[in-house]
Asks: 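Here's a structure for you.
This one's a predicted model, so the numbers in the text were calculated from it and none came from an experiment. Lettering follows sequence order; numbering is per chain, from 1.
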Amino acid sequence: DSGVTQTPKHLITATGQRVTLRCSPRSGDLSVYWYQQSLDQGLQFLIQYYNGEERAKGNILERFSAQQFPDLHSELNLSSLELGDSALYFCASSVAGGVVDGYTFGSGTRLTVV
Amino acid sequence: AQSVTQLGSHVSVSEGALVLLRCNYSSSVPPYLFWYVQYPNQGLQLLLKYTSAATLVKGINGFEAEFKKSETSFHLTKPSAHMSDAAEYFCAVSVPRGGATNKLIFGTGTLLAVQP
């Protein structure tokens with residue numbers, strides 16, 4: 001157990017729908033990162049939050065949004081889902097920027113869009 | 001922009017043989033470099049990291065990596081492969097930007113198969 005908790009583990013939904021993925025960071029970590037892993041795109045950085053504020057943005061689609069709450073958990077919202085959004089979504093956390101210690105990853109949420 | 005290139009998407013070795021997984025980085029400033037391992041149906045686990053101290057870095061499970069600035073490389077090695085090493089391995093680069101702003105850029109991964 002890495003200490004980073006992601007729910008749900010699996011999600012199957014239809015095209016056009018909206019889903020919310022949840023992440024609880026490791027105790028004491030202030031930064032949360034979201035990554036998308038797919039066979040064709042590999043591991044793609046989506047977004048970083050630090051203590052409730054957005055700090056870095058990657059290849060995140062406009063249909064996707066995220067936030068970090070006062071208790072430091074984070075949610076990734078995916079809307080108007082397309083078949084191509086099917087992927088593993090990972091959350092990671094770090095104490096601050098994670099530059100020195102790296103990130104601690106959760107076990108991921110596997111999203112299947114049918 | 002920072003990036004990493006992993007040569008060889010699939011590597012197969014025999015049990016007991018040397019493991020060598022290649023990673024080259026591109027960065028305009030001194031980078032921090034990481035190797036992560038991903039076992040099937042699991043998240044990524046940190047193997048080792050280079051953060052500008054010793055150039056030879058030892059990690060978990062007998063793995064080590066050497067930072068070579070002249071070659072812009074950070075190859076991962078293990079003297080003797082075990083069946084349990086079969087997994088996907090990712091090299092990543094991070095550049096400190098100050099404050100708490102950061103992102104890790106991952107390579108495309110190398111799938112290691114270990115043959116009995």
Side-chain angles (χ1 to χ4, degrees), chain A residues 1-7 9-10 23-26 29-60 68 72 88-110, chain B residues 1-6 8-10 23 27 29-54 57 59-60 63 65 67 74 76 87-111:
Chain A
D1 182 7
S2 68
V4 178
T5 304
Q6 289 188 248
T7 57
K9 291 192 182 306
H10 302 276
C23 170
S24 294
R26 195 178 54 166
D29 287 355
L30 300 179
S31 276
V32 169
Y33 312 81
W34 286 98
Y35 280 81
Q36 180 193 59
Q37 185 179 37
S38 61
L39 282 175
D40 54 343
Q41 297 286 331
L43 265 168
Q44 295 288 316
F45 169 74
L46 296 178
I47 198 164
Q48 177 205 0
Y49 279 84
Y50 173 76
N51 206 20
E53 294 184 1
E54 181 185 308
R55 283 301 182 96
K57 220 167 185 177
N59 303 321
I60 188 166
Q68 186 179 28
L72 300 178
L88 257 176
Y89 290 85
F90 285 108
C91 168
S93 71
S94 68
V95 173
V99 171
V100 175
D101 294 327
Y103 304 166
T104 300
F105 279 81
S107 56
T109 293
R110 183 173 293 280
Chain B
Q2 299 76 40
S3 66
V4 289
T5 301
Q6 292 185 242
S9 58
H10 291 78
C23 173
S27 178
V29 297
Y32 290 172
L33 294 161
F34 304 82
W35 275 99
Y36 282 83
V37 60
Q38 184 179 27
Y39 298 102
N41 300 315
Q42 294 186 27
L44 281 75
Q45 180 184 1
L46 181 64
L47 265 181
L48 50 79
K49 59 187 179 184
Y50 166 76
T51 55
S52 75
V57 181
I60 62 172
F63 284 93
F67 173 73
F74 190 58
L76 182 70
E88 190 156 22
Y89 292 79
F90 293 90
C91 182
V93 63
S94 167
V95 177
R97 299 182 180 184
T101 301
N102 180 48
K103 59 180 179 181
L104 274 179
I105 306 298
F106 285 88
T108 51
T110 297
L111 189 61

Asks: Which distance, rounded to the nearest 0.5 Å, do you find between the CG of A/Asp40 and the OG1 of B/Thr108?
Replies: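 If I round to the nearest 0.5 Å, the distance is 12.5 Å.
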
Asks: Using non-hydrogen atoms only, which part of B/Gln45 is less than 4.5 Å away from chain A: side chain, backbone, both, or neither?
Replies: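 Nothing of B/Gln45, per the 4.5 Å heavy-atom cut-off to chain A.
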
Asks: Please round to the nearest 0.5 Å and tell me the distance separating atom CD of B/Gln38 and atom CZ of A/Phe105.
Replies: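 Taking CD in B/Gln38 and CZ in A/Phe105, the distance rounds to 9.0 Å.
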
Asks: Mind ranking A/Asn51, A/Ile47, A/Leu43 by heavy-atom pairs under 4.5 Å with chain B and telling me who comes out on top?
Replies: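 Among the listed options, the one with the most contacts to chain B is A/Leu43.
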
Asks: Checking B/Thr110 now: which residues fulfil side chain to side chain contact (heavy atoms under 4.5 Å, CB included) with it, not counting sequence neighbours?
Replies: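 Side chain to side chain contact (heavy atoms under 4.5 Å, CB included) check on B/Thr110 returns B/Gln6, B/Val11, B/Leu21.
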
Asks: Please check if the distance between the ring centroids of B/Phe34 and A/Tyr103 is under 6.0 Å.
Replies: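 Between B/Phe34 and A/Tyr103, the centre distance exceeds or equals 6.0 Å.
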
Asks: Quick check on A/Gln41 against chain B: is it the side chain, the backbone, both or neither that has a heavy atom closer than 4.5 Å?
Replies: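 Neither part, no heavy atoms under 4.5 Å.
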
Asks: Between B/Leu104 and A/Tyr35, does the side chain to side chain contact (heavy atoms under 4.5 Å, CB included) criterion hold? Intermediate values first, please.
Replies: CA-CA 10 Å; B/Leu104 274 179; A/Tyr35 280 81; 3.4 Å; yes

Asks: At a 4.5 Å cut-off on heavy atoms, which part of B/Tyr36 comes close to chain A: side chain, backbone, both, or neither?
Replies: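 The answer is the side chain of B/Tyr36.
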
Asks: Non-hydrogen atoms of chain A under 4.5 Å away: do they reach the side chain of B/Leu44, the backbone, both or neither?
Replies: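 Both backbone and side chain.
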
Asks: Can you tell me if CD1 on B/Ile60 sees more than 12 non-hydrogen neighbours from other groups inside 6.0 Å?
Replies: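 Correct, the count exceeds 12.
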
Asks: A/Gln37 and B/Phe90: side chain to side chain contact (heavy atoms under 4.5 Å, CB included), yes or no, with the steps?
Replies: CA-CA 12 Å; A/Gln37 185 179 37; B/Phe90 293 90; 3.4 Å; yes

